[in-house]
Amino acid sequence: MAPLTLAGIAYLLAVREFFATPRFSRRVVVIGLILAAVWHIEFLRVPAGADDDIHRYVWDGRLQRLGYNPYIVVPSDPAVKGLHTPETRNLNNPDLPSPYPAGAQLFFRAVTAIQESTFALKVAFVVCELAIVFVLLDLLRGKQGTHLVLAFAWNPLLAIEVAGSGHIDIVGALLLLVSAAALGRRWRAAAAVGLGIAIAVKLLPVVLLPLYWKRVRIRDAALATAVVGLLYVPFLNHGRIPIGSLGTYAQSFRFNGPVFAALHQVAPPQLLVGLAVLVGLVTATWIRSAAPEWSPDLFAWPMAASLLCAPVVFPWYLLWLLPFLTSASTLLIILWTVSIIPTYVMWHLRTLGRPWGSLPGWVMLLEYGCVATAAAIIALRRIPQSPAPQCSTE
């Protein structure tokens, strides 16, 4: 926790310099990216945790290659005991089928077809992160300044959750960034398909649909829908689109969601999940009308608003936001990507033998209190001050 805290503080200080300086030399940017690569290598060398999601990824990819449907097969079923490998035998939530959408499933299958291991998946995720760097360099060139790519590459969550634990969210973030870049260049079909496939990796970017309103054509949206539909064809069960354990996830899983926890006292979870989606859609609709000019950083706010109201906010969920945090307008979200670091104390408590449960109160207070305090300071600074009354000398 101490090194992570120091890394987070150093990152915030660096971000301040990135936004305050119009241009950095190309040499500084290259050295900064090399440093990011170096500490990624160290995290790649560390084996994934025993209960990390990446073991489920290996299992889902393996099942598909063996001709099974990951939305139907339950890992703990004695009938499939012989299908397990040492890396999948102790995966988390073994009594549930897979919750991951079809786009994620096909990625698992593709990587495990090359090499069936958690290390291979981590390498694939790091490659996706590297691709994000190149796309950002292209987007930032001649506009905000290529040095702002370091606001992405130096974020501590990348080393921890991509090179370290390995999470599929970075694949969705890459697809979403490619879609945003295509939208900026008016490649409307590519933008629509990119968004569709990103949604097929995880459902979070569905809240961005209003940002595409009147920026893509109806036929582009139809093409994207058709592509997503084709992704699900291999998993159809009696003609129905499978969702695996996604319903159970929304109904029962809880972690680091203070808004959801407060409202859960008065409303059922299904309604609150819908509310989280609605908050994101409303935020995107407001941004679409208030900021008609396209800008990649606009993509972060609807997803952040939806996550704030979600039942589960794991640190790696914020990977979706990182490629879009390249302007001072996203400072609050950048702060959140650092203030969420104390939630890792829960994994530390697990190593001490304590059961999974609610986060300690001080963690929630620190995580969201930092963001709320920063928001209040920014709001106060934006309030215009009335001129002081002048005394008459007569």
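Keep in mind that what you see is a predicted model, and the values were worked out from it rather than measured.
Proximity of W213 to T285: side-chain heavy atoms (C-beta onward) are nowhere separated by under 4.5 Å. You'll find the side chain of P360 reaches within 4.5 Å of the side chain of V345, heavy atoms only. Side-chain contact between L209 and L195 is present, with at least one heavy-atom pair separated by less than 4.5 Å.
For the pair S289 (side chain) and W286 (backbone), a donor-acceptor distance under 3.5 Å is present. Side-chain atoms of S252 never come within 3.5 Å of backbone atoms of Y249 as a donor-acceptor pair (strictly under, hydrogens ignored). With hydrogens and angles disregarded, no donor-acceptor distance shorter than 3.5 Å links the side chain of N256 to the backbone of F314. With Y68 contributing its side chain and D60 its backbone, the two residues share no donor-acceptor pair below 3.5 Å. Under the 3.5 Å distance criterion, the side-chain polar atoms of D52 are left unmatched by any main-chain donor or acceptor of I54. In this structure a side-chain-to-backbone donor-acceptor pair under 3.5 Å is missing from K202 to P101. Remark: side-chain polar atoms of T88 are not paired, donor with acceptor, to backbone N or O of H84 under 3.5 angstrom. Checked by atom type and distance alone, the side chain of W320 never pairs as donor or acceptor with a backbone atom of G172 at under 3.5 Å. In terms of modelled atom types and a separation under 3.5 Å, the side chain of S117 and the main chain of A120 share a donor-acceptor contact. Listed for the E367 side chain is no donor-acceptor partner under 3.5 Å among the backbone atoms of T343.
Exactly one of L175, L106, V171 qualifies for a side-chain contact (heavy atoms from CB on, under 4.5 Å) with I197. That residue is L175.
Ring geometry for W347 versus Y344: interplanar angle of 30 to 60°, hence tilted. Aromatic ring pairs are classed by plane angle as parallel below 30°, tilted from 30° to 60° and perpendicular above 60°; the pair W316 and H167 is parallel.
L157 approaches P315 most closely through the heavy-atom pair CD1-O, 3.8 Å. Annotation for P242 and F235: closest pair CG-O, 3.2 Å, computed over non-hydrogen atoms. A pairwise comparison of heavy atoms in A104 and I168 identifies CB-CG1, 3.9 Å as the closest pair. Here the closest heavy-atom approach between residue N155 and residue L322 is recorded as ND2-CD2, 3.5 Å. The shortest non-hydrogen separation linking A192 to A224 is O-CB, 3.3 Å. Closest approach of A36 and W154 over heavy atoms only: CB-CD1, 4.0 Å.
In the hydrophobic cluster analysis, where Ile, Leu, Val, Met, Phe, Trp and Tyr join through side-chain heavy atoms closer than 4.5 angstrom, L223 is grouped apart from W187. V313 is connected to L203 through a chain of hydrophobic side-chain contacts under 4.5 Å among Ile, Leu, Val, Met, Phe, Trp and Tyr, so both are in one cluster. Transitive grouping of hydrophobic side chains (ILVMFWY, heavy atoms separated by less than 4.5 Å) keeps F108 and I114 in distinct clusters. Note on I377 and L380: separate hydrophobic clusters, where clusters join Ile, Leu, Val, Met, Phe, Trp and Tyr whose side-chain heavy atoms are under 4.5 Å apart, directly or indirectly. A single hydrophobic cluster is seen to contain both I378 and W336, as judged by linkage of ILVMFWY side chains at heavy-atom distances under 4.5 Å, directly or through other members.
Under a cut-off of 6.0 angstrom, the local environment of CZ in R219 is sparse, with at most 12 non-hydrogen atoms contributed by other residues, nucleotides or ligands. Sparse packing is recorded around CZ of R186, with 12 or fewer heavy atoms of other residues, nucleotides or ligands lying under 6.0 Å away. By the 6.0 Å contact criterion, CD1 on I218 is open, its count of non-hydrogen atoms from other residues, nucleotides or ligands being 12 or less.
Less than 6.0 angstrom separates the ring centroid of Y57 from the ring centroid of Y100.
Of the charged side-chain nitrogens involved, at least one lies within less than 4.0 Å of a carboxylate oxygen, so that D138 and R185 count as a salt-bridged pair. Classification of D53 and R56 as a salt-bridged pair fails, no side-chain N sitting under 4.0 Å from a carboxylate O.
To the nearest 0.5 Å, atom CG of residue L211 and atom CZ of residue R288 are 7.5 Å apart. Rounded to the nearest 0.5 Å, atoms CG (L139) and CG (L148) are 12.0 Å apart. How far CG of L325 is from CZ of F152: 9.5 Å, rounded to the nearest 0.5 Å. Once rounded to the nearest 0.5 Å, the distance linking CD1 of I160 with NE2 of H40 reads 10.0 Å. Distance check: I31 CD1 to L150 CG gives 10.5 Å after rounding to the nearest 0.5 Å. Atom-to-atom distance recorded for L137:CG and H147:NE2 is 12.0 Å, nearest 0.5 angstrom.
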Exercise. Evaluate the side-chain hydrogen bond (donor to acceptor under 3.5 Å, both in side chains) criterion for residues T330 and D297: first the C-alpha distance (whole Å), next the side-chain angles of each, then the deciding distance (0.1 Å), finally the verdict.
Key: CA-CA 7 Å; T330 59; D297 55 275; over 6 Å; no
Quiz item: Should F125 and F107 be marked as a ring-ring contact (aromatic ring centres under 6.0 Å, His included) after you check the CA-CA gap, both sets of side-chain angles, and the distance that decides it?
Solution: CA-CA 10 Å; F125 294 146; F107 185 87; 5.8 Å; yes
Practice problem: Would you check, one step at a time, whether the test side chain to side chain contact (heavy atoms under 4.5 Å, CB included) holds for M303 with L176? | Solution: CA-CA 12 Å; M303 293 189 291; L176 191 57; 3.7 Å; yes
Practice problem: Begin with the C-alpha distance, continue with both residues' side-chain angles, and end with the deciding distance and a verdict on side chain to side chain contact (heavy atoms under 4.5 Å, CB included) for W301 and F324. | Solution: CA-CA 9 Å; W301 285 104; F324 308 101; over 6 Å; no
Side chains of residues 268-284: which donor-acceptor partners sit under 3.5 Å, not counting sequence neighbours?
{"residue": "Q270", "atom": "NE2", "partner": "Q251", "partner atom": "OE1", "Å": "2.9"}
{"residue": "T283", "atom": "OG1", "partner": "V279", "partner atom": "O", "Å": "2.8"}

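The salt bridge (charged side-chain N to carboxylate O under 4.0 Å, His left out) pairs that include a residue from residues 345-357 are D51-R350, where partners are two or more places apart or lie in different chains.
Side-chain contact annotation: S179 with Y212, donor-acceptor N/O pair under 3.5 Å present. S98 and Q105 are linked by a side-chain donor-acceptor pair at a separation below 3.5 angstrom, with hydrogens and angles left out of the test.
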